[in-house]
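Since the structure comes first, as structure tokens, the remarks are kept for the end.
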Amino acid sequence: PGQKIWITEATLQDDYLRVLNVRSAVDMFDVTQRDQILERLRELIGQTEKAVVGIDFPFGFSQSAVSTESWPEFLSDFATTFKQEGIEAFPGKYETEGRSKREIDHRYGGQSPLSLQVKYQVFFGLRDVLHPLVSNDKVRVAPMQAHDSAETTVIEVYPAATFGAERLYRTGYKYNDEQSRRRRRENVIGLREHENMIIENGIVEKVTQSDHALDSLCAAFAVRRALNQGLDREHKSVEGHIYA
């Protein structure tokens with residue numbers, strides 16, 4: 001987790017988003033165990049004032065797997081269900097025989113929240129990151145909870161969908177070969193050109209070397225785009241929403 005979780009910090013400067021740094025969790029927090037890293041991540045998000053934080057994992061499940069229309073109730077139920085359980089117990093009662101993708105996953109070509117590719121992010125993200133922050137009233141999660149500019153807001157992002165929307169490389173940039181590095185470079189340059197972003201050359205080089213770093217930077221781009229378009233959405237679903 002320390003090498004796969006990356007944090008991008010950026011600030012609005014006039015009409016530009018200036019990227020301050022992009023760091024792996026192990027470099028930022030100087031710890032290596034998952035529970036330590038997630039604790040530090042919660043502290044970072046909860047103590048940051050008036051921020052918008054984009055996190056890359058599904059914030060919900062298909063409506064067919066959930067017994068409530070209220071997202072906060074779903075989140076509380078999920079955390080209670082797995083309070084004493086490990087990842088081996090997941091998805092448990094949230095497993096569905098039929099459609100496991102959310103409507104928003106179909107729209108953006110996302111993974112099912114129950115898929116092997118994202119199950120760890122979903123399990124620990126919902127239980128150990130979002131639930132403590134929401135239950136302690138440290139953040140609002142948009143659009144399921146009303147956005148308040150005076151509070152820190154958390155939104156779900158999906159870098160692949162953002163790259164696709166920007167007509168950049170949605171796939172083929174995650175390997176450790178020359179072609180993947182070239183695609184990562186073209187992606188970050190493309191993001192910088194498509195939005196008012198200030199990204200120093202040293203950060204361009206860093207994200208060219210790591211797909212996790214690039215995805216983290218793309219999360220900041222998606223946050224900026226979401227702020228431009230507005231965080232509120234007319235249709236609020238217990239399934240959640242991707243800000244691409």
Side-chain angles (χ1 to χ4, degrees), residues 3-25 27-28 45 48 51-59 101-111 115 117-118 121 125 142-143 153-233 240-244:
Q3 296 293 347
K4 293 186 177 181
I5 295 174
W6 283 68
I7 299 96
T8 292
E9 294 179 286
T11 185
L12 285 172
Q13 180 177 311
D14 297 324
D15 194 38
Y16 286 82
L17 186 72
R18 176 180 286 276
V19 177
L20 303 176
N21 55 59
V22 183
R23 289 182 283 178
S24 68
D27 288 338
M28 187 167 188
I45 296 171
T48 304
V52 179
V53 181
I55 308 183
D56 174 20
F57 70 83
F59 285 8
K101 282 190 175 186
R102 305 170 296 169
E103 289 299 325
I104 200 73
D105 297 321
H106 287 287
R107 187 186 311 173
Y108 288 120
Q111 301 277 357
S115 70
Q117 291 90 336
V118 298
Q121 294 97 310
T153 300
V154 177
I155 64 175
E156 177 184 340
V157 299
Y158 180 35
T162 298
F163 288 135
E166 296 305 306
R167 297 187 178 182
L168 299 169
Y169 289 106
R170 180 188 174 111
T171 61
Y173 68 90
K174 288 185 171 289
Y175 302 103
N176 189 27
D177 55 44
E178 191 57 38
Q179 184 184 57
S180 294
R181 285 189 288 272
R182 177 180 58 79
R183 290 187 172 189
R184 287 195 288 269
R185 179 179 294 278
E186 291 186 24
N187 274 9
V188 67
I189 296 300
L191 293 180
R192 187 166 63 178
E193 291 176 348
H194 295 180
E195 191 65 72
N196 290 340
M197 295 182 72
I198 301 172
I199 308 173
E200 302 295 342
N201 289 335
I203 292 178
V204 172
E205 292 304 317
K206 178 180 283 189
V207 301
T208 297
Q209 299 305 315
S210 167
D211 61 289
H212 300 299
L214 176 60
D215 282 345
S216 179
L217 180 69
C218 186
F221 178 95
V223 165
R224 174 59 168 159
R225 181 62 55 81
L227 285 170
N228 286 346
Q229 297 176 348
L231 298 181
D232 293 328
R233 294 293 185 273
H241 179 80
I242 294 172
Y243 291 83

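Side chains included, hydrogens not; waters and symmetry mates left out as well; all remaining heavy atoms used.
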For the [atom1] atom of [X] and the [atom2] atom of [Y], what is their distance to the nearest 0.5 Å?
{"X": "Arg185", "Y": "Leu214", "atom1": "CZ", "atom2": "CG", "answer": "11.5 Å"}
{"X": "Leu191", "Y": "Arg224", "atom1": "CG", "atom2": "CZ", "answer": "13.5 Å"}
{"X": "Ser24", "Y": "Ile5", "atom1": "OG", "atom2": "CD1", "answer": "10.0 Å"}
{"X": "Phe221", "Y": "Leu168", "atom1": "CZ", "atom2": "CG", "answer": "8.0 Å"}
{"X": "Leu17", "Y": "Glu195", "atom1": "CG", "atom2": "CD", "answer": "8.0 Å"}
{"X": "Asn196", "Y": "Gln13", "atom1": "CG", "atom2": "CD", "answer": "11.5 Å"}

Would you say the side chain of [Y] lies within less than 4.5 Å of the side chain of [X], judging by non-hydrogen atoms?
{"X": "Phe163", "Y": "Arg183", "answer": "no"}
{"X": "Arg102", "Y": "Pro58", "answer": "yes"}
{"X": "Arg18", "Y": "Glu200", "answer": "yes"}
{"X": "Ile55", "Y": "Ile45", "answer": "yes"}
{"X": "Thr48", "Y": "Val53", "answer": "no"}
{"X": "Glu166", "Y": "Arg225", "answer": "yes"}
{"X": "Asn187", "Y": "Cys218", "answer": "no"}
{"X": "Leu231", "Y": "Thr153", "answer": "yes"}

Please report the closest heavy-atom contact between [X] and [Y], naming both atoms and the distance.
{"X": "Gly54", "Y": "Ala219", "result": "O-CB, 4.0 Å"}
{"X": "Thr8", "Y": "Leu217", "result": "OG1-N, 3.3 Å"}
{"X": "Asp105", "Y": "Ile242", "result": "OD1-CD1, 4.0 Å"}
{"X": "Thr162", "Y": "Ala222", "result": "OG1-CB, 3.9 Å"}
{"X": "Tyr108", "Y": "Arg170", "result": "O-NH2, 2.6 Å"}
{"X": "Val207", "Y": "Arg184", "result": "O-CD, 3.6 Å"}

_Between Tyr158 and Asp215, a side-chain donor and acceptor under 3.5 Å_ =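 Not at all, the side chains of Tyr158 and Asp215 share no donor-acceptor pair under 3.5 Å.
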*asked:* Looking only at side-chain N and O atoms, does Gln121 offer a donor or acceptor that is under 3.5 Å from a partner on Asp56?
replied: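 No - no donor-acceptor pair under 3.5 Å links their side chains.
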*State whether the side chain of Lys206 and the backbone N or O of Ala213 hold a donor-acceptor pair below 3.5 Å, judged by distance alone.*
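Checking the backbone N and O of Ala213 against the side chain of Lys206, no donor-acceptor pair under 3.5 Å is found.
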*Asp177 side-chain N/O to Gln179 backbone N/O, donor-acceptor pair under 3.5 Å*: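 Indeed, once roles are kept as given, a pair shorter than 3.5 Å links the two residues.
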*Begin with the C-alpha distance, continue with both residues' side-chain angles, and end with the deciding distance and a verdict on side-chain hydrogen bond (donor to acceptor under 3.5 Å, both in side chains) for Asn176 and Arg181.*
CA-CA 7 Å; Asn176 189 27; Arg181 285 189 288 272; 2.9 Å; yes
*Evaluate the criterion side-chain contact (heavy atoms from CB on, under 4.5 Å) for residue pair Glu156 and Phe57; output intermediate values, then yes/no.*
CA-CA 7 Å; Glu156 177 184 340; Phe57 70 83; over 6 Å; no
_Check this for me: Lys4, atom NZ, are more than 12 non-hydrogen atoms of other residues, nucleotides or ligands nearer than 6.0 Å?_
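At most 12 heavy atoms, drawn from other residues, nucleotides or ligands, come within 6.0 Å of this atom.
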*asked:* Before you tell me yes or no, could you show the steps for Arg107 and Glu103 under salt bridge (charged side-chain N to carboxylate O under 4.0 Å, His left out), namely the whole-Å CA-CA distance, both residues' side-chain angles and the distance that decides it to 0.1 Å?
replied: CA-CA 6 Å; Arg107 187 186 311 173; Glu103 289 299 325; over 6 Å; no
*Assign the ring pair Tyr243 / His241 to parallel, tilted or perpendicular, where the plane angle (0 to 90°) is split at 30° and 60°.*
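Answer is perpendicular, since the angle exceeds 60°.
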